[in-house]
Amino acid sequence: MSAFVEECRREWKRLGVPDLLAEEMATDLEADLAEAREDGVAAEEILGESDPRRFAAAWACERGLVPEQPPPARERRRRWPWVVGAIVLLWLLLAVAGVVLSMVGGGSSGPPRGSAAVLVAARVADLVGLKPAHASAVARRRGFAVHLERVRRHGAAPGTIVAQSPPSGATVPRGTTLTLRIARRR
């Protein structure tokens, strides 16, 4: 994994991230990958991205260190037919499911059990106190994206989740990004 971190360092330098911040980010990344390895979590679950340049650019953008760069125009043109097709297909599937459920439900009032709202939402687990690798794995299994932030918290165990947003118990759409705040190592 050190090759991945080195490629990220080069990309941060190319993007103009100050050396001290780039080194801090590289150290954090190495620590997260080492923690994941210790917890038995694959590095791919933490990284979510196999291309170190795109991973590094996205991480720097999330921290406001570089401006977000739009994808190339050619890539946008190729995606829109797929997005439109997926929306139409989803709409058709939901319509068919609604018809079938209304036939099976016997005309009961209110939304049928197993309606689309239940299929696309999930309850947020309590991730506070867990290691970032374990918390990320739990969140991803439930269908959520994960954004990790390091914060200073006195009295909190370094390297553990000390806060999360949305809070545990909330029911939110799958695909929602959960922000997990990790106590910094001193």
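Both Phe55 and Leu21 belong to a common hydrophobic cluster when Ile, Leu, Val, Met, Phe, Trp and Tyr are linked at side-chain heavy-atom distances under 4.5 angstrom. By the criterion of side-chain heavy atoms lying less than 4.5 angstrom apart, applied directly or through intervening Ile, Leu, Val, Met, Phe, Trp or Tyr residues, Met25 is grouped together with Leu33 in one hydrophobic cluster. Ile87 and Val84 end up in different hydrophobic clusters when Ile, Leu, Val, Met, Phe, Trp and Tyr side chains are linked at under 4.5 Å. Under the 4.5 Å side-chain contact rule for hydrophobic residues, Val162 and Val138 do not share a cluster.
Note that CG of Asp32 is 6.5 Å distant from CG of Asp28, once rounded to the nearest 0.5 Å. In this structure, CZ in Arg142 is found 13.5 Å from OG1 in Thr176, a value given to the nearest 0.5 Å. How far CD of Glu7 is from CZ of Arg14: 10.0 Å, rounded to the nearest 0.5 Å. Once rounded to the nearest 0.5 Å, the distance linking CG of Leu148 with CD of Glu62 reads 9.0 Å. Within the model, atoms CZ of Phe4 and CG of Asp51 stand 7.5 Å from one another, a figure rounded to the nearest 0.5 Å.
For Arg63, the side-chain hydrogen bond (donor to acceptor under 3.5 Å, both in side chains) criterion is met by no residue, not counting sequence neighbours. With sequence neighbours left out, the side-chain contact (heavy atoms from CB on, under 4.5 Å) criterion links Ala95 to no other residue. With sequence neighbours excluded, the residues that form a side-chain contact (heavy atoms from CB on, under 4.5 Å) with Thr177 are Ala145, His147. Taking Ala56 as the reference, Cys8, Glu11, Trp12 meet the side-chain contact (heavy atoms from CB on, under 4.5 Å) condition, with sequence neighbours excluded. Residues passing the side-chain contact (heavy atoms from CB on, under 4.5 Å) test with Gln164 are Val124, Asp126, Leu127, Val128, Ser168, Leu180, sequence neighbours excluded. Residues forming a side-chain hydrogen bond (donor to acceptor under 3.5 Å, both in side chains) with Glu30 (at least two apart in sequence, or on another chain): none.
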Practice item. Determine, stepwise, if the pair Glu24 / Leu20 fulfils side chain to side chain contact (heavy atoms under 4.5 Å, CB included). Key: CA-CA 6 Å; Glu24 180 181 327; Leu20 285 174; over 6 Å; no
Check your understanding: Passes side chain to side chain contact (heavy atoms under 4.5 Å, CB included), Lys13 versus Asp19? Steps please.
Key -> CA-CA 7 Å; Lys13 188 169 282 219; Asp19 289 340; 3.9 Å; yes
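Pro158 and Arg184 get closest at one heavy-atom pair: CB-O, 3.7 Å. Here the closest non-hydrogen pair linking Ala57 and Leu15 is CA-CD1, 3.7 Å. Pairing each heavy atom of Ala157 with each of Ala183, the nearest pair is O-CB, 3.5 Å. Glu35 and Gly159 make their closest contact through OE1-O, 3.7 Å (heavy atoms, listed as atom of the first residue, atom of the second, distance). Residues Leu178 and Ala139 share a closest heavy-atom pair of CD1-CB, 3.7 Å.
Glu6 has its side chain out of reach of Pro52: every pair of non-hydrogen atoms, C-beta onward, lies at least 4.5 Å apart.
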